[in-house]
Number of protein chains: 2
Amino acid sequence: MELDARKLQILQAIINDYIITAEPVGSRTVARKYGLGVSSATIRNEMSDLEELGYLEQPHTSAGRVPSDKAYRLYVDKLMRVRSLDDQEAEYIKDLYRDKIMQLEQVILQTAKVLSDITSYTSIALTPQLSKVVIRHIQLVPVDKDFALLVVVTSSGILKDTLIRIPEGIHNDFLNKVSNILNEQFQGKTFSEVDIKDLSPVQEVFAENQRFFNSLVDVLSSSFQESQKKEVLLGGTTNIFRFPEYQDILRARSFLSLMEEKDLLYQILASSQNNGVKVSIGTENPHEELRDYSIVTATYSLGDRVLGTIGVIGPTRMEYSRAISVMDHMGKSLSNYLTKLYGKQP
Amino acid sequence: MELDARKLQILQAIINDYIITAEPVGSRTVARKYGLGVSSATIRNEMSDLEELGYLEQPHTSAGRVPSDKAYRLYVDKLMRVRSLDDQEAEYIKDLYRDKIMQLEQVILQTAKVLSDITSYTSIALTPQLSKVVIRHIQLVPVDKDFALLVVVTSSGILKDTLIRIPEGIHNDFLNKVSNILNEQFQGKTFSEVDIKDLSPVQEVFAENQRFFNSLVDVLSSSFQESQKKEVLLGGTTNIFRFPEYQDILRARSFLSLMEEKDLLYQILASSQNNGVKVSIGTENPHEELRDYSIVTATYSLGDRVLGTIGVIGPTRMEYSRAISVMDHMGKSLSNYLTKLYGKQP
DNA sequence: TTTTAGCACTCAATAGAGAGGAGTGCTAAC
DNA sequence: GTTAGCACTCCTCTCTATTGAGTGCTAAAA
């Protein structure tokens with residue numbers, strides 16, 4: 001049995017209604033609110049068919065029906081018409097990136113905040129995967145007689161700077177020399193290519209300052225290690241309370257706990273590395289814990305290299321149309337901003 | 001009527017029991033569990049007195065009694081014996097600061113995490129008030145032909161670094177010159193003393209590079225502005241779910257919303273600027289919203305200058321003894337660490 | 001053949017009644 | 001001053017209708 005036009009209409013009506021009300025939808029409601037010119041009995045028959053086909057589910061016999069993940073999938077792929085952003089939202093997003101120079105992580109954090117504000121879902125963002133990023137410059141900047149700043153600049157902005165203690169009697173010229181060595185060794189490499197052991201041959205340059213050499217190696221290697229670190233940023237975690245299905249303390253708590261599992265969230269987002277917007281509905285998701293949620297993600301890039309992923313998570317009865325258009329727009333705006341700011345690298 | 005020894009004993013028993021169980025305590029429980037050698041009827045009479053004196057409250061006639069804020073205050077000031085940390089906890093804290101050089105904000109963030117882990121309450125931390133901090137060094141570090149890094153180093157570590165675009169044809173010597181000018185103007189001043197207008201007289205040095213001058217001023221002033229910014233860090237927000245009195249969705253939600261009001265939290269913490277540990281119990285707190293919570297705070301310092309505040313927040317039936325000893329220890333450890341690391345400044 | 005009206009049936013949600021129990025306050029005796 | 005005893009309060013839990021939204025089926029109408 002194929003889905004004829006009327007079945008589709010009814011299915012769409014049920015999905016629309018359920019997205020708004022979060023209550024199982026009955027045949028009478030469909031007949032009255034979405035006047036299709038047929039009686040509730042007819043709709044009842046159709047709904048029965050739709051259930052048999054796996055598009056609808058019944059929480060219990062005397063309740064209305066609820067769309068299945070399969071129905072949402074159909075809805076996203078075929079039924080729904082993608083809304084474009086309204087002016088206010090577009091303006092909000094534009095404002096975020098207008099004329100600002102922020103540290104990379106700040107940009108992503110702000111993006112997450114705006115995402116959760118606009119969609120009223122919880123937003124998740126992956127900071128850029130620095131292992132893929134090229135080291136542009138390393139420099140030891142003298143600060144005063146005791147301290148220097150080790151700055152590592154990458155093709156996507158600054159990675160990191162660390163205060164490092166310098167031994168007595170070290171001259172600025174020596175720091176410059178060290179900077180040059182570091183650049184020779186590491187410039188142009190990505191973080192995954194870098195190997196701290198490459199420094200060993202130049203150890204003799206440090207002569208009597210072996211302690212300085214060691215602490216430099218320490219700082220650099222922890223810096224490189226950290227660059228591999230997964231970092232997951234969140235926005236609007238308590239937005240989940242807006243939804244009636246999370247008025248239950250156990251559900252709310254389990255959601256909030258889920259949001260604290262950064263490793264899991266990382267995996268979820270990292271899996272969608274192919275450019276563009278991706279929608280995962282409930283059980284489509286490979287992770288058992290996400291069975292009850294839907295996730296809409298988009299990637300962001302620097303030039304044509306994908307750097308990371310942003311997304312929103314919410315109940316499966318998500319406003320897909322809105323979420324998708326927002327994510328699409330946001331991914332593109334963020335990529336634009338980054339590419340404009342950090343441009344093409346040598 | 002003054003509180004005699006037996007009344008104090010009974011009060012202490014009730015507080016102890018309520019802190020553990022979160023259930024109103026009845027006269028029989030006191031008689032049996034905390035054998036004072038008198039019958040429940042006697043205790044009942046004493047409890048009645050204690051209620052009249054404002055130390056106990058009754059949720060309803062046929063329930064046991066619950067300590068009032070006044071009782072907790074007495075408990076904290078007189079009754080309780082301050083536990084010292086157990087070895088495991090002390091070790092945990094020591095570990096946190098051992099041999100690590102972290103960015104200032106990282107230190108505070110980690111401190112908050114450990115605090116909430118150890119106490120199982122939610123922790124709040126104020127990042128250092130940079131307006132009181134002295135600028136040690138400003139430098140423009142050339143990164144490549146398009147960008148330089150503006151680094152502002154303060155007496156408490158790095159404040160901030162910002163990537164800044166430099167116009168074509170600017171030579172490193174010029175950047176150094178600019179760095180020197182900036183240092184002349186701002187070195188040794190605190191952020192609250194600094195005035196961006198001081199730069200105007202040197203504007204002519206920039207000659208044809210007025211755009212560069214302008215963007216420099218922009219970045220600097222936003223940097224200075226940001227230094228005044230209140231920043232509140234949290235740890236263990238979902239710990240609140242551990243407590244039976246927050247199994248109710250409304251209470252849990254209202255707590256989590258409260259934790260999102262960064263301005264309010266800032267005010268709360270900022271108000272305790274006198275050195276040492278401070279305890280605010282329920283209604284003692286000037287803020288209406290905190291009526292149901294108790295807060296234990298401690299300050300942390302660099303040398304003898306108070307930089308900020310850390311604290312834990314939880315239900316009024318808090319384990320004050322534990323909380324106070326942890327906060328005391330933590331405040332001191334953090335101050336030690338900072339002072340050792342960033343030491344005495346010129 | 002499709003649609004519809006009608007009706008019995010199901011089942012969650014809600015309200016109400018009653019029993020149980022923890023705890024108090026009071027009184028009278030010790 | 002202390003305690004045993006007892007009536008009383010009031011929350012909590014359980015059990016039992018009652019209600020109502022919604023279904024599925026059947027038979028008649030289109």
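Throughout, protein chains are lettered first and strands after them, A, B, ... in sequence-line order, and every chain is numbered starting at 1.
- In this entry the distance linking CG of A:L36 with P of C:dT3 reads 12 Å, nearest Å.
- Distances from the side chain of B:S48 to the nucleotides D:dT23, C:dG25, D:dG24 place C:dG25 closest.
- The distance between atom CZ of A:R28 and atom P of C:dA5, rounded to the nearest whole Å, is 12 Å.
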Inset, instruction - Quick one, give me the B/S/- string for nucleotides 1-19 of chain D, reading 5' to 3', where B means a protein heavy atom under 4.0 Å from the base and S means that only happens at the primed atoms, P, OP1 or OP2. - result: -SBBB---BBS--------

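- What separates CD of B:E52 from P of C:dG25 is a distance of 10 Å, to the nearest Å.
- Sorted by first and then second residue, the pairs that involve residues 35-78 of chain A and meet ring pair (Phe, Tyr, Trp, His ring centres under 6.0 Å), not counting sequence neighbours, are A:Y72-A:Y320.
- When the side chain to side chain donor-acceptor pair (under 3.5 Å) test is applied to A:T283, the partners found at least two apart in sequence or on another chain are A:D69.
- Residues from residues 242-255 of chain A lying near DNA chain C, meaning a heavy-atom separation below 4.0 Å, are absent.
- Remark: side-chain polar atoms of A:T316 are not paired, donor with acceptor, to backbone N or O of A:S294 under 3.5 angstrom.
- Relative ring orientation between B:F243 and B:Y121 is described as parallel, the plane-to-plane angle staying below 30° on a 0-90° scale split at 30° and 60°.
- Residues in residues 29-39 of chain A take part in these salt bridge (charged side-chain N to carboxylate O under 4.0 Å, His left out) pairs, two or more places apart or across chains: A:D17-A:K33.
- Atom NZ in A:K33 sits roughly 11 Å away from atom P in D:dG22 (whole-Å rounding).
- The pair A:E46-A:R6 meets the salt-bridge criterion, since a charged nitrogen lies less than 4.0 angstrom from a carboxylate oxygen.
- Atom C1' of nucleotide C:dT3 and atom CD1 of A:I43 are separated by 12 Å, given to the nearest angstrom.
- Side-chain contact between B:Y246 and B:P315 is present, with at least one heavy-atom pair separated by less than 4.5 Å.
- If you measure from atom CE of A:M47 to atom C1' of D:dC25, you get 16 Å, rounded to the nearest angstrom.
- What separates CG of A:D17 from P of D:dG22 is a distance of 10 Å, to the nearest Å.
- Contacts classified as salt bridge (charged side-chain N to carboxylate O under 4.0 Å, His left out) and involving residues 282-296 of chain A (residues at least two apart or in different chains) are given here: A:R73-A:E284, A:E288-A:R291.
- Other residues, nucleotides and ligands contribute only 12 or fewer heavy atoms inside 6.0 Å of the CG atom of A:D87.
- In this structure, CZ of B:R32 is placed 12 Å from C1' of C:dG23, rounded to the nearest angstrom.
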